[in-house]
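Report on one structure; see the data block that follows.
Remember, predicted model here, so these are calculated numbers, not experimental data. We're numbering straight along the sequence, starting at 1.
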Amino acid sequence: MSTRADARPRRPAVHSGYDDAAARAVLPAEPADPAGPAVLRHAPYPMPGPDDHDHRTSTAPLVATVLLAVLGPAALFLGGLSVMATDSCGTDCPTALTTWLYLIYGTIVFGGVLSLAALVTAWSLPRKVRHRNLRRWAAIATVAPPVLVIALVCTIPSP
């Protein structure tokens, strides 16, 4: 009876890509039984190593760039118009409203810097499999501040 480690082919120490021959290899699951034919199973397709080239490196940064090109100006426009919520109350505005406006403008200023830094990070990471998740999180961090500004403007308290 073979163990699991004996039945699978060993992966080379340095893996430079997919090996089609290893993917098509058919290995016996158990030693041949004299009572019947051997049951065959396919060897698992080799997973890419952490130093392999990632062919989808520009997907997340590209989606983040397109979304930022749409949501960024919308957040600036809506954030700029949000100050008009204080027109009806003049100088006697409630603190909840002024606190909300400070939060909106703080998010516009600091979120813009964060979005730019995250976008540059997402595009400049090396094109390796090991950086795939970091690239995705940087793309999410790129879009988060404009989405937050739009959400804050949509939920602004009434004076």
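- A distance of 11.0 Å separates CG in Leu67 from CG in Leu119, rounded to the nearest 0.5 Å.
- Counting all heavy atoms, side chain and backbone alike, Cys93 lies closest to Thr86 at SG-CB, 3.6 Å.
- To the nearest 0.5 Å, atoms CG (Leu148) and CG (Leu71) are separated by 12.0 Å.
- Not one N or O on the side chain of Arg136 forms a donor-acceptor pair closer than 3.5 Å with the backbone of His131.
- Cluster membership for Leu101 and Met84, using ILVMFWY side-chain heavy atoms within less than 4.5 angstrom, is shared.
- Put simply, Val153 and Leu76 are part of the same group of oily side chains (I, L, V, M, F, W, Y) that touch within less than 4.5 Å, one to the next.
- No single ILVMFWY cluster, assembled from side-chain heavy atoms under 4.5 Å apart, contains both Leu68 and Leu152.
- Without hydrogens or angle criteria, Trp100 side chain to Pro157 main chain gives no donor-acceptor distance under 3.5 Å.
- A donor-acceptor pair is defined here as one N or O able to donate and one able to accept, closer than 3.5 Å; such a pair exists between the side chain of Tyr105 and the backbone of Gly79.
- Closest approach of Ala141 and Pro145 over heavy atoms only: O-CD, 3.2 Å.
- Rounding to the nearest 0.5 angstrom, the gap separating the OG1 atom in Thr121 from the CH2 atom in Trp137 is 15.0 Å.
- Counting all heavy atoms, side chain and backbone alike, Ser124 lies closest to Val120 at OG-O, 2.8 Å.
- Neither Phe110 nor Leu116 shares a network with the other; the hydrophobic side chains, linked directly or stepwise wherever heavy atoms of I, L, V, M, F, W or Y lie under 4.5 Å apart, form separate groups for each.
- Inspection of the Thr65 and Trp123 side chains reveals an N or O donor paired with an N or O acceptor under 3.5 Å.
- Atom-to-atom distance recorded for Arg127:CZ and Arg135:CZ is 7.0 Å, nearest 0.5 angstrom.
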| task | Please lay out, stage by stage, how Asp54 and Arg132 fare under the test salt bridge (Lys or Arg N to Asp or Glu O under 4.0 Å). | result | CA-CA 8 Å; Asp54 189 8; Arg132 182 183 295 167; 3.1 Å; yes
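- The two residues Ala85 and Ile156 have their closest heavy-atom pair at CB-CD1, 4.2 Å.
- The closest side-chain heavy-atom distance from Ile104 to Val83 is not below 4.5 Å.
- Interatomic distance, Ile108 CD1 to Leu103 CG, rounded to the nearest 0.5 Å: 10.0 Å.
- Put simply, Val113 and Tyr102 are part of two different groups of oily side chains (I, L, V, M, F, W, Y) that touch within less than 4.5 Å, one to the next.
- The shortest distance between side-chain heavy atoms of Val149 and Leu78 does not fall below 4.5 Å.
- Here Ser82 contributes atom OG and Ile150 contributes atom CD1; the two are 12.0 Å apart, rounded to the nearest 0.5 Å.
- Closest non-hydrogen pair, Ala139 versus Ala60, comes out as CB-O, 3.5 Å.
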